[in-house]
J.: 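Questions regarding the structure given below will be posed in turn.
Throughout, residue positions are numbered sequentially from 1 according to the sequence presented.
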Amino acid sequence: MEEGFPEPGGLPPGREGKRPAVIWYMWLPVALALIAQRSLEPGDRNIWVGITFYALAGLLLVWLIWRGEWSGPDIPPSLHMEDPLTIKSNWFYIFIPLAVFTFLAFGSLRFDGLNLFLWLLTVVALLKTFWVSRGLSFRDWFARLREGIAQRTWWVRITPWAISWVGVFGLAVFFRFYRLGDVPPEMISDHAEKLLDVADVLRGNWWVFFPRNTGREAIQMVVTALVARVLGTGLTYLSLKIGTALAGVLTLPYVYLLGKEVGGKRVGLWAMLFAGIAYWPNVISRIALRFAFYPLFVAPTLYYLIRGLRNRNRNDLLLAGLALGLGLHGYSPFRFVPFLVLLGVGLYLLHRVSKGARVQTIWALVALVLVSFVVFLPLLRYALAEPANFSYRTLTRIGTMERSYPDSPVRIFFDNLWGAVTMFFWDDGSTWVHSVTHRPALDVVSGALFFLGVVFLLTRYIRRRQWEDAFLLLSIPMLLMPSVLSLAFPAENPSLNRTGGAIVPVFVVVGILFEGFLTSLKSAVKTRAGGGILWGAVFLLLSWSSIQNYDLVFDQYFRQMRQNTWNTSEIGHVIRSYADSIGEAETAWVVPFPHWVDTRVVGINVGLPEKDYALWGKDLPATLEIPPPKLFIYKPEDELTGILLTDMYPSGILQRYVSAVEGKDFMIFLVP
C-alpha cells in the first residue's frame, strides 16, 4: 500500500482516529457532479455550468483522496498460480487433423450435423490440450453433482446477500421484459430481413453468415429460431425481442463478476444494478436487432481475461478465448475486441506485477488466440470464400467503398472520438431506432458517478500504478472504436449500438465510484442517524436513476419510436380482420409509396411472415381478373391510386383509417 493512500474505509498514516471535518465533504463531489450532469440534460442545457461544476467535483474528489477522506474499494488480492508451461501432446495430435477436417467441412458455408460435430470436437480437443488440471477433474465433479442430486434432502441457505442479489437481478429482468410486446411498438425493414433469415434457419438453412442486407452473423438467427420453436411465438417481432432481451439479461451476471473481480462483491452488485436499470442497455436489448450480442460477449471476455491475468491462470484465459471466438459470431463491431485483448495483455506485461510471469503470460496468450481462432473457424471459412460480403459493412464505414470521406480522415477520426467519449454526458447521436436522440447516453446519476469514477481510477493509477485501473479506463475508448471508425459516415457517430460493448466497463466504473462513495460516507458517520443518512443516500440516488431511466424507455423512447416508425401493425390488423371475415389474405394488397411502409413488415403483422403485400400502381389493372371481395390499402397522398381504383371499381367503398398516431392515416378501398 502506498503511503498516503488509505485502505477502504480507513485513513492514511498520521491521520488515524481523525474523522473528516464534516459529512458534507463526502456528499459535495457527488452533489456537484449531479448538478453538472443535470445542467447537460435536454431542455435547459448549459454546457458551461456543466463543465464548471464537473471541474469542481473532480478537483474536490482528488483533494479528498489525497487527504485520505475518500476511500474507494480496493482491488481484491490475486492468487498467482504457477503454470507448468506444458501441453497434453496426445490431445494436440488429435486437434491438428480435426481442425483441418473442420475447415474443409465448412466448405458449404452453412452449419450441418457433421461440421457442427467436428467443430465441437476440435474446440474440446484444443481446450484439453492446454487445460491445466487443478483440483477435481470433470469426471469427479460430475460424480459429486450426481450424488448431490440423488440425495433426498437438500439444504438451501438464504442470506441477506443472496436476497439482495436476487432482488437486484429481478429488478433488471423487470426493466428488460416489462411491456416488451409494445416497447418499441413497430418494426422497421431490418426486422423483416432478420425474420427472413430466421425462416431460412427454420427450413434447415443454417448459414454461417447470412448475406441478406449487407450480411449478418448467425447467433441471433439461431437464438430467434429456438425462441420461435420452444415458446411457440413463431416468426414474429416478439420472437426477435425475446431473444435479444435474454441476451441483455445474460450479460448482467458477468457485469457482476467483473465488478467483483476488480472491486469486490458490492461493486459487482452496484454495477449490475445500474446496468440493469439503465436506458442505454435496455433500449439496445429491446430493439430486437443484434446489438445486445456485443456486450453479451464483451462481459465474459473481459472477466476471464482480467481474472486470468491477475491470478496467472491459464484456464481463465482459455475461457476468455472461448468467449472471444463466440462473440465474433454475434455482432460485427465485436471484431475490434481482439485488439482490446492484446491491449490488456500488453498493459499487464508492462507493469511490475507481471515480473516472473511474462513467459507464462505469453504462453497463455498463444493458447487464448488459438482457442478464439478455432471458435471463429466457420466464419473464417466464409470470409475466405466470400470476402466482399463478410467485410462489406466494415469497409464501407472505415473506407471509401460506398462514398468518399467528407473531410480529412484524421480530422474525422478525432472529431468522432470526441463525440463518442462525450456521449455519456452530452449527445448519444441522431439514430432514433436505438436511442432517445441528442441526449446523454447515461442518466443524471449514472453520468455523475461515471465521471467521478474515471477521476477516481485515474488518481489511483497515478498513486499505485495498478494495471487493472489503466485497462478498465482504456477499454472504454477501445470499445467505442466501431462507432469512432465510421469515417465515411461521420453522422452515424456516436451510435449506442456500435458502442454497446462499452456498457460493461462503464457500469463497472459506476459501481466502483458508488461503493467508494458509500464507504467514505460510512466512515464519516458513527451514529444511528448517520446510518439513516447513508441508506437515505442510497435510496435517493437509486430512486432518481430508476425513475429517469423508466421515463426514458417507457415514455420518451416509446413515443419517439411510435412517431418515427410506420404503423404497419394497424395495416396488418385491417388485413387480418378482412381475411377473417369476408375475404382472404391473398386478395388484399398494399400499394407502395415513396418513404412509406415496408410491405414485407405488413405481411409479418398479418401472420404471413414471408408474404410481401406490395402491389405497384402499374399492376393494379391485373386485379380485375380476380373475383371479389378485394381490399386495397394506399397512402392518402397517393391520389393517382385513388383515382385509378375508383375508375376500375365504381362500386368500391373508400374509407380513411384514422390511426392512433397523428399523421399515420391510410386509405382503405374495399371491393365488395
J.: Given the side-chain rings of Phe507 and Phe274, with only the six-membered ring counted for Trp, is the space between their centroids under 6.0 Å?
T.: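 So the answer is no for these two rings.
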J.: His573: which residues meet the side-chain contact (heavy atoms from CB on, under 4.5 Å) condition with it, sequence neighbours left out?
T.: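 Once residues adjacent in sequence are excluded, the partners of His573 under the side-chain contact (heavy atoms from CB on, under 4.5 Å) criterion are Ser577.
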J.: How long is the span from the CZ atom in Phe210 to the CG atom in Asn389, to the nearest 0.5 Å?
T.: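 Phe210 atom CZ to Asn389 atom CG measures 13.5 Å (nearest 0.5 Å).
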J.: Between Arg439 and Glu41, is the closest basic N to carboxylate O distance under 4.0 Å?
T.: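 Looking at Arg439 together with Glu41, the answer is yes, because their closest N to O distance falls below 4.0 Å.
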J.: Are Phe111 and Phe106 close enough that their ring centres sit under 6.0 Å apart?
T.: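 When the ring centroids of Phe111 and Phe106 are compared, they turn out to be within the sub-6.0 Å range.
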J.: Passes salt bridge (charged side-chain N to carboxylate O under 4.0 Å, His left out), Glu610 versus Arg203? Steps please.
T.: CA-CA 12 Å; Glu610 297 186 74; Arg203 280 193 294 266; 2.6 Å; yes
J.: With distance as the sole test, does Asn567 use its side chain to make a donor-acceptor pair with the main-chain N or O of Ser569 at under 3.5 Å?
T.: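 No; judged by distance alone, with no hydrogens or angles, the pair does not exist.
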J.: Just jot down the side-chain contact (heavy atoms from CB on, under 4.5 Å) partners of Phe373, sequence neighbours excluded, or say none.
T.: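 Scan of Phe373 (side-chain contact (heavy atoms from CB on, under 4.5 Å), adjacent residues dropped) gives Leu377, Leu380.
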J.: Taking atom CH2 of Trp206 as the centre, does the number of heavy atoms from other residues, nucleotides or ligands within less than 6.0 Å exceed 12?
T.: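 Open: at most 12 neighbouring heavy atoms sit under 6.0 Å from CH2 of Trp206.
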J.: To the nearest 0.5 Å, what is the distance between CD1 on Ile668 and CD1 on Ile575?
T.: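 Result: 9.5 Å between the selected atoms.
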J.: At their closest point, which heavy atom of Ser483 faces which heavy atom of Ser495, and how far apart are they?
T.: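 Scanning both residues, the minimum pair turns out to be OG-N, 3.3 Å.
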J.: Per the ring-ring contact (aromatic ring centres under 6.0 Å, His included) rule, what does the pair list look like for residues 624-644, sequence neighbours excluded?
T.: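 Sorted result for residues 624-644: Trp589-Phe632, Phe632-Tyr649.
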J.: Could you tell me if Tyr294 and Thr499 have a donor-acceptor pair between their side chains, going purely by distance under 3.5 Å?
T.: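 Side-chain D/A pair, Thr499 to Tyr294: absent.
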J.: Side chains of Tyr613 and Ile571, heavy atoms from C-beta outward: is any pair under 4.5 Å?
T.: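 The answer is no; the side chains never approach within 4.5 Å.
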J.: Do Ser486 and Asn493 meet the criterion of a side-chain donor-acceptor pair at a distance under 3.5 Å?
T.: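 No - no donor-acceptor pair under 3.5 Å links their side chains.
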J.: When you measure from the centre of the six-membered ring of Phe103, is the NZ or CZ of Arg381 closer than 6.0 Å and no more than 45° off the axis?
T.: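 The answer is yes, since Arg381 meets both limits relative to Phe103.
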J.: Is it possible for you to check whether Lys241 lies under 6.0 Å from the centre of the six-membered ring of Tyr237, through NZ or CZ, and within 45° of that ring's axis?
T.: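 The answer is yes, since Lys241 meets both limits relative to Tyr237.
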J.: Between the side chain of Ser435 and the main-chain N/O of Trp432, is any donor-acceptor distance below 3.5 Å?
T.: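 Pair absent, no side-chain N/O of Ser435 close to backbone of Trp432.
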J.: Is a side-chain donor or acceptor of Arg576 paired with a backbone partner of Val606 at a separation under 3.5 angstrom?
T.: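 Yes, Arg576 side chain to Val606 backbone: donor-acceptor pair under 3.5 Å.
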J.: Determine whether the aromatic ring centres of residues Phe174 and Tyr178 are separated by less than 6.0 angstrom.
T.: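 Yes - the distance between ring centres of Tyr178 and Phe174 falls below the 6.0 Å cut-off.
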J.: Roughly how far, to the nearest 0.5 Å, is the CE atom of Met478 from the CZ atom of Phe336?
T.: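 Output value for this atom pair is 4.5 Å.
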J.: Given side chains that start at C-beta, do those of Leu235 and Leu202 come closer than 4.5 Å, heavy atoms only?
T.: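 Counting from C-beta outward, Leu235 and Leu202 do come under 4.5 Å.
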J.: What's the shortest heavy-atom distance between Gly399 and Tyr405, and which atoms?
T.: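 In this case the closest contact between Gly399 and Tyr405 is CA-OH, 3.5 Å.
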J.: Side-chain contact, heavy-atom cut-off 4.5 Å: Thr431 with Thr437?
T.: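 Answer no - side chains too far apart.
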J.: Verify, without hydrogens or angle tests, whether Asn605 (side chain) and Gly572 (backbone) share a donor-acceptor contact under 3.5 angstrom.
T.: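 Not a single qualifying donor-acceptor pair exists.
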J.: If we ignore hydrogens and angles and just use 3.5 Å, is the side chain of Arg216 paired with the main-chain N or O of Asn213 as donor and acceptor?
T.: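 Yes, because the side chain of Arg216 sits within donor-acceptor range (under 3.5 Å) of the backbone of Asn213.
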J.: So do Asp427 and Met423 actually touch side chain to side chain, heavy atoms under 4.5 Å?
T.: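 Side chain of Met423 against side chain of Asp427, heavy atoms only: no contact under 4.5 Å found.
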J.: Distance-only, no hydrogens or angles: does the Ser446 side chain make a donor-acceptor pair with backbone N or O of Leu442 under 3.5 Å?
T.: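 Not confirmed, Ser446 side chain does not pair with Leu442 backbone.
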J.: Are the side chains of Asp428 and Tyr279 in touch, meaning some heavy atoms are under 4.5 Å apart?
T.: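 The answer is yes; the side chains approach within 4.5 Å.
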J.: Check the angle between the aromatic planes of Phe424 and Trp280 and answer parallel, tilted or perpendicular using the 30° and 60° thresholds.
T.: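 Tilted.
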J.: Quick one: do Asp197 and Lys194 make a salt bridge, cutoff under 4.0 Å?
T.: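 The answer is no: the pair does not qualify as a salt bridge.
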J.: In Å, rounded to the nearest 0.5 Å, how long is the span from CG of Leu250 to CG of Leu296?
T.: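 Leu250 atom CG to Leu296 atom CG measures 6.5 Å (nearest 0.5 Å).
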J.: What I want to check is whether the side chains of Thr394 and Ser391 have a donor and an acceptor closer together than 3.5 Å.
T.: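 Judged by distance alone, the side chains do not pair up.
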J.: Decide if atom CD of Glu637 counts as having more than 12 heavy atoms of other residues, nucleotides or ligands within a radius under 6.0 Å.
T.: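 Yes.
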J.: Show the numbers, then the answer: is there a side chain to side chain contact (heavy atoms under 4.5 Å, CB included) between Ile633 and Val574?
T.: CA-CA 9 Å; Ile633 292 174; Val574 168; 4.2 Å; yes
J.: Does the plane of the ring in Phe297 sit parallel, tilted or perpendicular to the ring in Phe293? Use 30° and 60° as the thresholds.
T.: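 Plane angle under 30°, so parallel.
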J.: Would you call Glu586 and Lys611 a salt bridge, using N to O less than 4.0 angstrom?
T.: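 Judged by the 4.0 Å cut-off on N to carboxylate O distance, Glu586 and Lys611 do form a salt bridge.
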J.: Measuring from Leu252:CG to Met272:CE, what's the distance to the nearest 0.5 Å?
T.: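 Between Leu252 CG and Met272 CE, I get 7.0 Å after rounding to 0.5 Å.
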J.: So, for Trp207 and His329, is the gap between ring centers shorter than 6.0 Å?
T.: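 No, too far apart.
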J.: Mark yes or no: Arg290 above the aromatic ring of Tyr331, with NZ or CZ under 6.0 Å from the six-membered ring centre and no more than 45 degrees from the axis.
T.: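 Arg290 over Tyr331 ring: no.
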J.: State, with a plain yes or no, whether a side-chain heavy atom of Ile242 is found less than 4.5 Å away from one of Leu180.
T.: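 Yes, their side chains come closer than 4.5 Å.
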J.: Restricting to non-hydrogen atoms, name the atom on Val337 and the atom on Leu479 that form the minimum distance, rounded to 0.1 Å.
T.: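 In terms of heavy atoms, the two residues are closest at CG2-CD2, 4.1 Å.
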J.: Under a 3.5 Å distance rule, please check whether Gln655 uses its side chain to pair with a backbone N or O of Met667 as donor and acceptor.
T.: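 Side chain of Gln655 to backbone of Met667: no pair is present.
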J.: Return yes if a side-chain donor-acceptor contact under 3.5 Å exists between Asp551 and Tyr557, otherwise no.
T.: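 Absent: no donor and acceptor within the cut-off.
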J.: Before accepting this row, confirm whether a basic side-chain N of the pair Glu492/Arg397 lies closer than 4.0 Å to the acidic partner's carboxylate O.
T.: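 Here Glu492 pairs with Arg397 in a salt bridge, since their nearest N and O are under 4.0 Å apart.
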J.: Mind listing the closest non-hydrogen atom pair of Pro621 and Met648 along with its distance?
T.: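 Residues Pro621 and Met648, closest heavy atoms: CA-CE, 3.8 Å.
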J.: Do Val249 and Phe177 come within less than 4.5 Å of each other through their side chains, counting heavy atoms only?
T.: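 A side-chain contact under 4.5 Å exists here.
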J.: Measuring from Ile284:CD1 to Arg498:CZ, what's the distance to the nearest 0.5 Å?
T.: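 Spacing of CD1 (Ile284) from CZ (Arg498) equals 13.0 Å.
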J.: For a 4.5 angstrom cut-off between non-hydrogen side-chain atoms, does Leu289 reach Thr244?
T.: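 No; the side chains remain at least 4.5 Å from each other.
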J.: Is the backbone N or O of Ile287 less than 3.5 Å from a side-chain atom of His191, with the two atoms forming a donor-acceptor pair by type?
T.: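 Checking the backbone N and O of Ile287 against the side chain of His191, a donor-acceptor pair under 3.5 Å is found.
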J.: Which pair of non-hydrogen atoms, one from Pro505 and one from Ser475, has the smallest distance, and what is that distance?
T.: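 It is CB-OG, 3.4 Å.
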J.: For Gly500 and Pro295, work out which heavy atoms get closest and say how close.
T.: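 Looking at all heavy atoms of both residues, the closest pair is O-CB, 3.6 Å.
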J.: Under 3.5 Å, side chain of Asp443 to main-chain N/O of Gln548, donor-acceptor pair present?
T.: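 No, the answer is negative, given that no donor and acceptor are paired below the 3.5 Å cut-off.
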J.: Just wondering, more than 12 heavy atoms not from Arg179 lying within 6.0 Å of its CZ?
T.: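 Yes, CZ of Arg179 has more than 12 neighbouring heavy atoms, counting only those of other groups under 6.0 Å.
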J.: Is a salt bridge present between Asp665 and Lys635, judged by a nitrogen-to-oxygen distance below 4.0 Å?
T.: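 Not counted as a salt bridge, because no side-chain N and carboxylate O are separated by less than 4.0 Å.
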J.: Report the C-alpha separation of Phe209 and Phe390 in whole Å, then their side-chain angles, then the decisive distance to 0.1 Å, and conclude whether the ring pair (Phe, Tyr, Trp, His ring centres under 6.0 Å) test is met.
T.: CA-CA 8 Å; Phe209 190 82; Phe390 181 75; 5.6 Å; yes
J.: Within the side chain of Lys630, is there an N or O that forms a donor-acceptor pair under 3.5 Å with the backbone of Thr623?
T.: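 At least one qualifying donor-acceptor pair exists.
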J.: If you count heavy atoms of other groups shown closer than 6.0 angstrom to CD of Glu584, is the number above 12?
T.: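 Open: at most 12 neighbouring heavy atoms sit under 6.0 Å from CD of Glu584.
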J.: For Glu217, is there an ion pair with Arg335 - N to carboxylate O distance below 4.0 angstrom?
T.: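 Salt bridge between Arg335 and Glu217, a charged N being under 4.0 Å from a carboxylate O: yes.
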